[in-house]
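Just so we're on the same page: letters track the sequence lines, and every chain starts at 1.
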2 protein chains.
Amino acid sequence: MHDLPDPPGGARMRDVARAAGVSAMTVSRALREPSRVSPEVRARVEAAVREVGYVPNRLAGSLSSRRSDVVGLVVPSLENSLFAATVKGISDVLRREGFQLMIADSLYSPEAEEAAIRAFLEQRVAGLILHDTLHTEATVRMIRRAGVPVVENGTVPAEPLDMVVSYSNREAAKAMTRHLARLGYRRVALVTLPSAANARSRDRRDGFLEALAELGRPQDPRLMLEMPSGLVSGAEALARLMEGAEPPDAIFFAGDVLAAGAVLECQRRGWAVPGKVAIAAFDNVDLLAQLNPPVTTLRLPRHEIGTRSARMLLDRLAGRQSGPAVLDLGFEIIQRAST
Amino acid sequence: MHDLPDPPGGARMRDVARAAGVSAMTVSRALREPSRVSPEVRARVEAAVREVGYVPNRLAGSLSSRRSDVVGLVVPSLENSLFAATVKGISDVLRREGFQLMIADSLYSPEAEEAAIRAFLEQRVAGLILHDTLHTEATVRMIRRAGVPVVENGTVPAEPLDMVVSYSNREAAKAMTRHLARLGYRRVALVTLPSAANARSRDRRDGFLEALAELGRPQDPRLMLEMPSGLVSGAEALARLMEGAEPPDAIFFAGDVLAAGAVLECQRRGWAVPGKVAIAAFDNVDLLAQLNPPVTTLRLPRHEIGTRSARMLLDRLAGRQSGPAVLDLGFEIIQRAST
DNA sequence: ATGGCCGTGGTTAGCGTTACCACGAACCGG
DNA sequence: CCGGTTCGTGGTAACGCTAACCACGGCCAT
């Protein structure tokens, strides 16, 4: 909280009004509903605005009108480029509609998310977009009480808070697992991010297991691994899985850039991919297409999740849409040379 | 701009006051300066806050106090992970100090930046952090008039608006060019991002040329190329440079992931790096360390730029620091196997 | 002509908070 | 034991804007 040096240049609406020879109310109208003001007055007001360098005070405006044009967004991490695509999609839509974006990271912690959401509600955001679907009880209560519309993004949750725009992590993992089986791989391993604080990881693991069950294959704990995020981590996962007694013939890296790290490690070890082991990834980062070999992966509508989330939120705010809604945007398998 | 559904759950300060049996003013104090209120009253107020589910309205608070706890940040792109590190640094500091982050992308356009800044000033942000140093005249006027503190980040500008936290793109490019010369490379090529709307690219080119001049080497236009961002683009740059009559023996990719794209292309073509051609990059993205061979690059203090920028801004807001200041955080060469 | 109605602009009363000042009660040294 | 601090609290007036009325003049239809 700190000083707002308005004083010297801070022209207020009444200064504009004086300069234009009208009342403050007319200035307000000329700015927000130009059609309700005569053309001459409108021109005088516009000239006066430029003359005095007026910058409207939305704090005052929002307080008075009880509306806000700020949307709060919480992502698990600001550094992960996967979320960046979604953020970009959100921002694109908000900009066009004249909304502002307030952003915070939850660090994958529901408590940190709660703090961020509380701060957003204090700023009286018009709506929230949350990239995690796991919330504390206090968070849910707070949001309900505030009556603010919410879009959740990370996966398709069992009990949506309000609106949802996502793809299904479970279905995506299941589809890729089946795909690998169809290609003839018999021992498919799964590497996920730590599932403890990450519902998406759990969903992917569930999808993987479901596919195995459908295929009538046994679960083999030696073929499942949790690894932290990062290229190095992917290389290590590869090493660990391959040095076992019955190594996998295919590895599905269900997260982040793990798969890329593994492919690069295969290069170093001189292992043929998919000759020695096939590798599949979860997210279509462009690096995967450029690796040697290019990596089979899923195309997830990251950017569209952003645009549709923002649009859905704004529709609700504009009263164009009413109830909760769940939008599953699906996914697509991109078969490349690595499998 | 849309409806703020305060009504049902929207407890105001006076509701808390009533529940606690004190005046609204006392509630305000209990919340902001607990030490100035007796322990019993403080406890009653805290209980009342929980009881009625009170969420302070910072719009009203800021309007009244003429302070704000929101910082506006403009980055060129929300998708580029290079900026993500800086954003993260900023966010980390702001969170700890109880500030909020409003973010927008300029798309590398000064006009879009102007629009974003105007919107931020309308929201009465306490300060601005700008990742570009190229601004329209109107932008400069607006910021000056608003009297809001600003930190610029992208490079060390000729005429700082206010405060600056950065490394010098020119010095960094110069250092890497000298480094390559020292390693014995005779024909060093430079690939930059399009310099038209990107002051950083120009700075890097200037640094490169300065180094050549110091080394007494001629400029060779066939050894300079501008390419858009991306891995594919790096591969193409490599191809173009190498198919010339007198190809370079080293290429300095001064931006983004171009270098990575080039190394991957070399793998595909079976070209030894650095046997056939040496490759150096500009930014220390972790991919570069994992490629085969690992790529020589610069370590730039991206995260620290964020933390220091935020801290400098908050120091100014707290009156702990006064004048403009330029902080050059330097860089470091990481020599790896690719050169 | 005259009543009503639109199109325009002004007036008033907040929005929910904080700054500022006032006030009474304890407290304290001379 | 009394004038002056200090401490804790409350009242009031903004902060800059907008919602909701209200006023006024001109215009048409009857």
Counting side-chain heavy atoms from CB outward, which of C:dA19, D:dG10, D:dC17 is closest to B:S23?
-> D:dG10
A:M25 side chain, from C-beta outward: closest of C:dA19, D:dA20, C:dG16 | D:dA20
Do the charged groups of B:R42 and B:E46 touch, with an N to O distance under 4.0 Å?
-> no
Starting from P on D:dG8, measure out to CZ on B:R44 and report it in whole angstrom.
-> 14 Å
Mind calculating the distance between CZ (A:R66) and C1' (C:dG16) to the nearest angstrom?
-> 9 Å
Mind checking whether A:L78 and A:D105 have side chains closer than 4.5 Å, heavy atoms only?
-> yes
Here the distance between atom C1' of D:dC15 and atom CD of B:E122, to the nearest Å, is 18 Å
Given atom CG of B:L31 and atom C1' of C:dA19, what is their separation to the nearest angstrom?
-> 17 Å
Do we see a donor-acceptor contact under 3.5 Å between the side chains of B:S166 and B:N153?
-> no
Any donor-acceptor N/O pair under 3.5 Å between C:dT17 base and B:S64 side chain | yes
Whole angstrom is fine here: how far is it from CG in B:N57 over to P in D:dC15?
-> 18 Å
State whether A:R32 places a side-chain N or O below 4.0 Å from either non-bridging phosphate oxygen (OP1 or OP2) of D:dC17.
-> no
B:R124 side chain vs B:L121 backbone, donor-acceptor pair below 3.5 Å | yes
Within 6.0 Å of CD in B:E33, more than 12 heavy atoms from elsewhere | yes
Please give, in whole Å, the distance from D:dT18 C1' to A:R12 CZ?
-> 17 Å
D:dG8 phosphate, OP1 or OP2: any side-chain N/O from B:T26 under 4.0 angstrom?
-> no
Of A:R14 and B:V41, whose closest DNA chain D nucleotide lies nearer the 5' terminus?
-> B:V41
Consider the side chain of A:M13, meaning its heavy atoms from C-beta on, and name the nucleotide among C:dG16, D:dC17, D:dA19 that approaches it most closely.
-> D:dC17
Integer-rounded Å distance: C:dG10 C1' and A:R36 CZ | 13 Å
Among the candidates D:dG8, C:dT17, D:dG11, find the nucleotide nearest to the side-chain atoms of B:S38.
-> D:dG8
Nucleotide D:dA14, atom P - distance to CG of B:L59 in whole Å | 22 Å
Indicate whether any N or O donor in one side chain lies under 3.5 Å from an N or O acceptor in the other, for B:E152 and B:H135.
-> yes
Is the distance from OP1 or OP2 of C:dT18 to the nearest side-chain N or O of B:S28 less than 4.0 Å?
-> yes
Ignoring hydrogens and angles, does a donor from either the side chain of B:R29 or the base of D:dG10 sit under 3.5 Å from an acceptor on the other?
-> yes
Picking from C:dG10, C:dT18, D:dC17, the nucleotide nearest the side-chain atoms of A:Y54 would be D:dC17
Checking D:dC17, C:dG10, D:dG11 against the side chain of A:A60 (C-beta onward), the nearest is D:dC17
DNA chain C nearest-nucleotide lookup for B:L63 and B:E33: closer to the 5′ end is B:L63
